[in-house]
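Here the structure is laid out as structure tokens; the discussion comes afterwards.
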Amino acid sequence: MKYAYYPGCSLECNSAAYDHSVRAVADLLGIELREIDDWNCCGATEYFTQDELAACAVIARNLALVDPQLDQVVAPCAACYLNLRKVDHLMQENPELESKVNQCLAAGKLHYDPGRVRVRHLLDLIYSDFGEATLRDKVVQPLTGLRVACYYGCQIVRPFHGTDNPEQPTKLDEVFSWLGAEVVDFPVKAHCCGGHMTQISEPQAFEMIRRLLANAEEYKADVIVTMCPMCQLNLDAYQARVNGFFHTDYKIPIIFFTQLLGVAFGLDWKKLGFGKEIVPAEPVLRRKLTAVAAA
Amino acid sequence: MVGHTLELRGSPFLQEIIREVPGGERIVHCLQCGTCGGSCPNGADMEYTPRTILAMITANQRDKVLKANTMWFCVSCYSCVSRCPQKIPITDIMYGLKRISIREKAYQETDAPALAKTFTDLLDKYGRSFELGLASRYYLFNRPLAMLKMGPMGLSMFTRGRMSLTPTRIRNVDQLQAIIRKARELGGVS
């Protein structure tokens, strides 16, 4: 199957591990991802704060650039995924907005018919289009004995008919249990990591991050898997600052779900981007997985 | 439409929000149930909860709303939107309040407008976000002391190849800029 691919800015550098592991896993499953030519930033949450119409037009340019032969686009980043779906939805619901966005696009000799492109998340593809039997069949390294907290965050599951239940999503939990992992309860799995709050007000941001780390530790998770670059960055890169702020000692590795899928499928760890995370993940994963293999 | 909702629509501030936010007219259906505030991860730090803000919009309390910290504590997690029994686009209303507050410089004690401006200026220029440029400009001009605390983290990101020193520029940046210029010229969604 061929899909357009919208990596988004985070996946270019700060979350390159996500991009590498998405491409590696897709390749193994026979999913062909064709990067949208000359895509631009989705504006995250910042463009809607400045200018609604420009925000929509900037996002719609990417939808307009999807190869006419393709009708689905895969967007791994939560903000990109939400923004693409949001603008497609707003344009379908609101003819005046649709007309204005297309007037903007026309200034760049582009046009987008809302509804033409279906925005998908890789989790949804893997879960719905491949399913349990296919995924189990690909397992080379079962994740047996590894305690995994599945963290969905906010923008992928809400609110524009997203990829899973907005309150208690389960698809990621199911996928990892198929691969042999011990998926732990993680009641805050669809709570927000704080997004850009770290840049605005640290006490609020750190408290939001602390709640997630505390919950994962309470349920004795070895690792948190995430689907979003912002969640990964906040929980991983700010973990030391959060520890300093609350006098705690969390050392929980935060990795992308595609990295752990890749491990189960026996892909090369370097190619999956391991080593880029700040709280090291490899020692814990190798210890847990070899302990089981030896037993 | 029944009589009392027509009366509610009489608030000039409500009319302004309806023009500013797609779906904003749903405010008239607010039941004041408080699910939004109870669902908000930052509700406890807000001067007025989202429920109160919706009532204040209907009551035309424009100045108080625009000076409130409420919208600046909204992190766009859409919890309130997915739970609202009346399908009010609360997150988009918060975005609308941010925009009006920025246009009128009504906001107080928040660096969020500076962060948004720095981010979108870089997007307009290159077509992609540029984290190092964003962090250095934003911190230098707004939070120079906090920059020191960010140092070690920035360094560990850099040594792991997670921070680029140079921006990526898209090929058709002129096309993107023409689209953005047109949006500014049309001046809003309605």
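Every value quoted in this text rests on a predicted model; they were computed, and no experiment measured them. The basis for the numbers below is simple: all heavy atoms, side chains too, and nothing from hydrogens, waters or symmetry mates. Each chain gets a letter, A, B and so on, in the order the sequences are listed, and its residues count up from 1.
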Determine whether Q175(B) and R61(A) make a side-chain contact, defined as any pair of heavy atoms from C-beta on separated by less than 4.5 Å.
yes

Could you tell me whether the side chain of V75(B) reaches within less than 4.5 Å of the side chain of M208(A), counting heavy atoms only?
yes

Ignoring hydrogens and geometry, is there a side-chain-to-backbone donor-acceptor pair from K98(B) to Q50(A) under 3.5 Å?
no

For R211(A) against P41(B), the heavy-atom pair lying closest together
NH1-O, 3.5 Å

Heavy atom to heavy atom, less than 4.5 Å: which residues from residues 61-74 of chain B reach chain A?
W72(B), F73(B)

Shortest non-hydrogen separation from S156(B) to I278(A) and the atoms involved
OG-CD1, 3.6 Å

Working to the nearest 0.5 Å, report the span between CZ of F48(A) and OG1 of T120(B).
13.0 Å

Does any donor atom in the side chain of Q204(A) or D45(B) lie under 3.5 Å from an acceptor atom in the other side chain?
yes

Pair F119(B), H196(A) - check side-chain contact (heavy atoms from CB on, under 4.5 Å), show working.
CA-CA 11 Å; F119(B) 186 102; H196(A) 73 183; over 6 Å; no

Quick one: does M150(B)'s side chain get under 4.5 Å of R241(A)'s, heavy atoms only?
yes

Side chain, backbone, both or neither of E93(A) within contact of chain B (heavy atoms, under 4.5 Å)
neither

Proximity breakdown for E167(A) and chain B, heavy-atom pairs closer than 4.5 Å:
side chain

For chain A, which residues of residues 89-97 of chain B have at least one non-hydrogen atom nearer than 4.5 Å to it?
D92(B), Y95(B)

At a heavy-atom separation under 4.5 Å, does T110(B) approach chain A through its side chain, its backbone, both, or neither?
side chain

Taking it one step at a time, do C77(B) and Q155(A) satisfy side-chain contact (heavy atoms from CB on, under 4.5 Å)?
CA-CA 6 Å; C77(B) 76; Q155(A) 298 198 329; over 6 Å; no

Output the residues of residues 161-173 of chain B for which the shortest heavy-atom distance to chain A is under 4.5 Å, in residue-number order; output 'none' if no such residue exists.
G161(B), R162(B), M163(B), S164(B), T168(B), I170(B), R171(B), N172(B)

Run N14(A) and M157(B) through side-chain contact (heavy atoms from CB on, under 4.5 Å) and show every step you take.
CA-CA 8 Å; N14(A) 88 45; M157(B) 291 291 283; 4.0 Å; yes

Taking all non-hydrogen atoms of both residues into account, name the closest pair between L123(B) and G43(A) and its distance.
CD1-CA, 3.6 Å

Answer whether the closest heavy-atom distance between the side chains of E52(A) and P22(B) falls below 4.5 Å.
yes

Candidate pair R158(A) and V81(B), rule side-chain contact (heavy atoms from CB on, under 4.5 Å), full reasoning
CA-CA 8 Å; R158(A) 292 189 287 270; V81(B) 180; over 6 Å; no

Chain B heavy atoms under 4.5 Å from A16(A): which part of the residue, side chain, backbone, both or neither?
neither

Sort R181(B) into side chain, backbone, both or neither according to what part of it lies under 4.5 angstrom from a heavy atom of chain A.
neither

Which atom pair, heavy atoms only, marks the closest approach of R128(B) to E12(A)?
NH1-OE2, 2.7 Å

In terms of heavy-atom contacts, M197(A) and N42(B) come closest through CE-ND2, 3.7 Å

Which atoms of N142(B) are under 4.5 Å from chain A, going by heavy atoms: the side chain, the backbone, both sets, or neither?
neither

Do you know the tightest heavy-atom contact between I200(A) and A112(B)?
CD1-CB, 3.5 Å

Side chain, backbone, both or neither: which part of L105(A) has a non-hydrogen atom closer than 4.5 Å to chain B?
both

Salt-bridge contact R99(B)-D51(A) (side-chain N to carboxylate O under 4.0 Å)
no

Could you look at I102(B) and say if it's the side chain, the backbone, both or neither that has a heavy atom under 4.5 Å from chain A?
side chain

So for P152(B), is it side chain, backbone, both, or neither that comes closer than 4.5 Å to the heavy atoms of chain A?
neither

Can you say whether Y126(B) sits under 4.5 Å from chain A via the side chain, the backbone, both, or neither, judging by heavy atoms?
neither

By side-chain contact (heavy atoms from CB on, under 4.5 Å) - contacts of A183(B) (at least two apart)
L53(A), A54(A), C104(A)

What part of D38(A) is in contact with chain B, defined as an atom under 4.5 angstrom from a non-hydrogen atom: side chain, backbone, both or neither?
both

